[in-house]
Peer 1: 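Below you'll find the structure I mean.
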Amino acid sequence: MGGWPQGPLLWVLIGVGALVLIVDIVLLLDLRRTEVRHLPRWAWALIILLVSFPIGEIIYVVVGRVPTAERRDRVLPPPPAHATPLEPREQPAGPAPAVDGLVPPVAEVPDRSVHDAGRPAEAVVATAQLSKVYGDTVALDRVDLAVPRGATYGLIGPNGAGKTTMLSILAGLRHPSSGEIHLGVDRRRVAVLVDTPLFEPWLTAREILDLARNLVAPDLGGDSVAAALTEVGLTEAADRRSGGFSRGMLQRLGIATCLVGNPDVLMLDEPSSALDPGGRREVLDLIGRLAGRTTIVLSTHILADVQQVCDVVGVIDQGRLRYQGPIADLLARTSSAYSLHVRGDAAVLGDRLRGESWVTRVELLGPGRLRVVTDDASRAEHDLPRMVAEQQLSLVSFNPATDLETAFLELTR
C-alpha cells in the first residue's frame, strides 16, 4: 500500500534528513569563510545543495575547498611597480623588550619583536608583513604598521583600501593569512567601535553602558558608567531610551561603551563618516579630548578629520601601506600650495602665473582668490608678492595651503 512510511522507517528517514541538513549548513558556513578554487562560491553552493548527498559535499571538500595549510603557505605576488616605499626608520640598539599579548604568526615567518621589524620601541600596536587574502583578492599586502604609544594614529585610504580589514584583524575579529601582530597591551585592554554602532532601542544609555561594563570590566564600579557618560557629553540623556537618539548621539554612546572599560587602545572605524556637520564636530571634539590619554587608531576616508585630530598617519591604498609617519612629514614630501587673496582681477594674475616654470597648477577659487601649486616653494614665496604688485593688485593675504588631501592624491596616483 502507498502512503507515508510508518514506524521505525519514518524515524530513520527523519534522522537521515536531519543529518543531510546539518552537513549542508556546516559546509555552507565553511564555504562563506574559507577560500575556494576552480569555481565561484555560488557554484559550489549549488553543488552542495543540488548534487545527490553525499557526492556534492565530498566534491566540495576534496576539489573546491582550499586546505588550511595551502592557504597559510600562499606566496603573495610581488608589490606593484608604482608602490611608494616607506621612509626608512632607524632601528634602536639593544635587545627588544618583551611585548605582552603576542599573537603567534600564522605563516612560516621568523618570530620577530617590534624592534626587529624596524619599529620604534614605544609602538603599542605593530604588524610585520601582515597579509589577508580572500580567494584571488589581496585585501592586505605585507603591511608593517607601527602605532606609537599614546598617539592618535589616522589610518586613511579610499573605500575598499583595506582599512576595516586591518582593524578587524588587530581587534582579533578576523585571522590574517600570513604575518605577525604584536600588541604592547593585553588584548582585553583593546576596545573597538564599528562604523555603525547599534543598540537595543528600549534600553537607556545608562543601562547600555552598565551592560558593557559588566562584559569588559566587571571589577569596575558604577562610577565608571557615570564617568563615561560625562566624557561623551550624554549625562543629561543618561536615562533616555537609545531609540530616540540622533546618529551623533549613538556614535558618542558607542565610544562611551568602549571607554567604560578604561582601555589602553581605542580603535574607531569610520566614526564620523555618516554624521551631519554637527554630529561630526561632536565626535571629533571627543576624539581630541581623548588624545594623549589613550592610544587611538582612527580609520577614515575623510582626510580633513585626520588632519584635525591625528598626529601620525598611515596611508593605505589597494591593501598596501604607502606612507607611515607624522602628518607634517607627509605634507613636506608633497608639492607646496599657497592661497592668495587679492583685491582686483585675480583671473589676470592667474593667467600670468600659468606661464611660470615653477607653477604646476593655478585654481581660481572665487572673486579675488587663487590657489597656486608649485614645485619650488622658496621661489614662490619670493616671486608671488612681486607678481601681485606688477599686476597692480592689492595683496590681502598670502598663506600656505598644502593639505592632507593634496598629499594623499600625490602619494597614491
Side-chain angles (χ1 to χ4, degrees), residues 147 151-161 163-168 170-171 173 189-217 224-311 313 404:
V147 180
T152 302
Y153 186 107
L155 187 63
I156 64 174
N159 291 326
K163 303 186 300 297
T164 297
T165 300
M166 171 62 74
L167 288 192
S168 299
L170 293 179
L173 303 177
R189 305 292 300 160
V190 178
V192 184
L193 177 67
V194 298
D195 57 350
T196 53
L198 297 175
F199 306 101
E200 300 295 351
W202 57 83
L203 294 178
T204 67
R206 192 187 306 277
E207 291 169 339
I208 290 171
L209 289 190
D210 199 43
L211 284 173
R213 179 188 63 82
N214 277 282
L215 286 172
V216 300
S224 62
V225 172
L229 287 167
T230 302
E231 186 68 67
V232 301
L234 290 178
T235 301
E236 295 183 0
D239 297 312
R240 285 175 49 190
R241 294 184 178 181
S242 64
F245 281 14
S246 67
R247 182 64 186 273
M249 294 174 70
L250 286 174
Q251 203 76 10
R252 286 188 284 149
L253 180 59
I255 296 177
T257 61
C258 296
L259 298 179
V260 74
N262 192 26
D264 293 324
V265 178
L266 177 61
M267 298 183 183
L268 307 175
D269 188 12
E270 301 278 3
S272 61
S273 61
L275 301 181
D276 58 31
R280 181 178 163 199
R281 182 71 268 159
E282 291 173 349
V283 170
L284 291 178
D285 287 344
L286 173 57
I287 295 173
R289 292 197 300 271
L290 295 173
R293 294 162 44 189
T294 185
T295 303
I296 301 174
V297 181
L298 168 66
S299 160
T300 184
H301 65 277
I302 305 177
L303 305 183
D305 290 357
V306 173
Q307 196 163 6
Q308 289 184 55
V309 299
C310 297
D311 40 28
V313 65
L404 189 57

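As a basis for the values below, the full set of heavy atoms in this structure was taken, side chains included, without hydrogen atoms, waters or symmetry mates. Positions are given from 1 along the sequence.
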Peer 1: Roughly how far, to the nearest 0.5 Å, is CD of Glu270 from OG1 of Thr300?
Peer 2: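 Rounded to the nearest 0.5 Å, the OG1-CD separation comes to 4.5 Å.
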Peer 1: Which atom pair, heavy atoms only, marks the closest approach of Pro197 to Leu250?
Peer 2: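 So the minimum-distance heavy-atom pair works out to CG-O, 3.9 Å.
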Peer 1: Would you name the heavy atoms of Val194 and Gln251 that are closest together and state the gap between them?
Peer 2: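 For Val194 versus Gln251, the nearest heavy atoms are O-NE2, 4.4 Å.
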Peer 1: Testing the basics here: between Gly157 and His301, what is the closest heavy-atom pair and its distance to 0.1 Å?
Peer 2: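 Answer, listing the atom of Gly157 first, then His301: O-CB, 3.3 Å.
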Peer 1: To the nearest 0.5 Å, what is the distance between CG (Asn214) and CG (Leu209)?
Peer 2: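 Here the interatomic distance stands at 11.5 Å.
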Peer 1: Taking all non-hydrogen atoms of both residues into account, name the closest pair between Ser299 and Pro271 and its distance.
Peer 2: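 Heavy atoms of Ser299 and Pro271 come nearest at O-CD, 3.7 Å.
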Peer 1: Output yes when Glu282 and Arg247 qualify as a salt bridge under the 4.0 Å nitrogen-oxygen rule, no when they do not.
Peer 2: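 Result for this pair is no, no salt bridge flagged.
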Peer 1: Please determine, by modelled atom types, if Asp305 and Ser272 share a side-chain donor-acceptor pair under 3.5 angstrom.
Peer 2: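 The criterion, which ignores hydrogens and geometry beyond distance, is satisfied for Ser272 and Asp305.
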Peer 1: With side-chain contact (heavy atoms from CB on, under 4.5 Å) as the criterion, how do Thr257 and Phe199 come out once you've worked through the C-alpha distance, each side chain's angles and the decisive distance to 0.1 Å?
Peer 2: CA-CA 11 Å; Thr257 61; Phe199 306 101; 3.9 Å; yes
Peer 1: Run the side-chain contact (heavy atoms from CB on, under 4.5 Å) check on Glu207 and Glu200 step by step: do they pass?
Peer 2: CA-CA 10 Å; Glu207 291 169 339; Glu200 300 295 351; over 6 Å; no
Peer 1: Can any side-chain N or O of Arg206 pair as donor or acceptor with the backbone N or O of Ala238 at less than 3.5 Å?
Peer 2: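 No; zero donor-acceptor contacts below 3.5 Å.
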Peer 1: Check whether any side-chain heavy atom of Arg213 sits under 4.5 Å from a side-chain heavy atom of Ser224, and report yes or no.
Peer 2: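 Yes; the side chains approach each other to less than 4.5 Å.
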Peer 1: Can you tell me how far the CG atom of Asp285 sits from the CZ atom of Arg280, to the nearest 0.5 Å?
Peer 2: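 Separation between the atoms: 11.5 Å.
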Peer 1: Could you tell me whether the side chains of Arg281 and Gln308 share a donor-acceptor contact shorter than 3.5 Å?
Peer 2: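 Yes.
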Peer 1: Between Arg189 (side chain) and Asn262 (backbone), is there a donor-acceptor pair under 3.5 Å?
Peer 2: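 Yes; judged by distance alone, with no hydrogens or angles, the pair exists.
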Peer 1: Between Leu155 and Leu298, is there a side-chain heavy-atom distance shorter than 4.5 Å?
Peer 2: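 No, every pair of side-chain atoms sits at 4.5 Å or beyond.
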Peer 1: What pair of heavy atoms forms the shortest contact from Leu203 to Leu211, and how long is it?
Peer 2: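 Closest heavy-atom pair between Leu203 and Leu211: CD1-CD1, 3.8 Å.
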Peer 1: Which distance, rounded to the nearest 0.5 Å, do you find between the CG of Asp239 and the CG of Leu234?
Peer 2: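 Interatomic distance, Asp239 CG to Leu234 CG, rounded to 0.5 Å: 11.5 Å.
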Peer 1: Report the distance from atom CG of Leu229 to atom CZ of Arg252, rounding to the nearest 0.5 Å.
Peer 2: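 Reported value, rounded in 0.5 Å steps: 11.0 Å.
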Peer 1: Between Met249 and Val232, does a side-chain contact (heavy atoms from CB on, under 4.5 Å) hold up when you go through it step by step?
Peer 2: CA-CA 9 Å; Met249 294 174 70; Val232 301; over 6 Å; no
Peer 1: Are the side chains of Val190 and Met267 in touch, meaning some heavy atoms are under 4.5 Å apart?
Peer 2: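 Yes, at least one pair of side-chain atoms sits under 4.5 Å.
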Peer 1: Could you check if a side-chain atom of Leu266 sits within less than 4.5 angstrom of a side-chain atom of Leu268, using non-hydrogen atoms only?
Peer 2: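 Counting from C-beta outward, Leu266 and Leu268 do come under 4.5 Å.
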Peer 1: Got a second to check how far Ile287's CD1 is from Ile296's CD1, nearest 0.5 Å?
Peer 2: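 Going from CD1 on Ile287 over to CD1 on Ile296, the span is 6.5 Å.
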Peer 1: Checking Leu253 against Ser242 for the side-chain contact (heavy atoms from CB on, under 4.5 Å) test, could you report, in this order, the C-alpha distance in whole Å, the side-chain angles of both residues, the deciding distance, and whether it holds?
Peer 2: CA-CA 9 Å; Leu253 180 59; Ser242 64; 4.2 Å; yes
Peer 1: Work out which heavy atom in Val297 is nearest to a heavy atom in Leu167; give both atom names and the distance.
Peer 2: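 Closest approach of Val297 to Leu167: CG1-CD2, 3.8 Å.
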Peer 1: Under 3.5 Å, is there a donor-acceptor pair between the side chain of Thr294 and the main chain of Pro263?
Peer 2: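 Yes, Thr294 side chain to Pro263 backbone: donor-acceptor pair under 3.5 Å.
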Peer 1: So does Lys163 pair up with Asp269, basic N to acidic O under 4.0 Å?
Peer 2: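 Between Asp269 and Lys163 there is no salt bridge, as every charged N stays at least 4.0 Å from the carboxylate O atoms.
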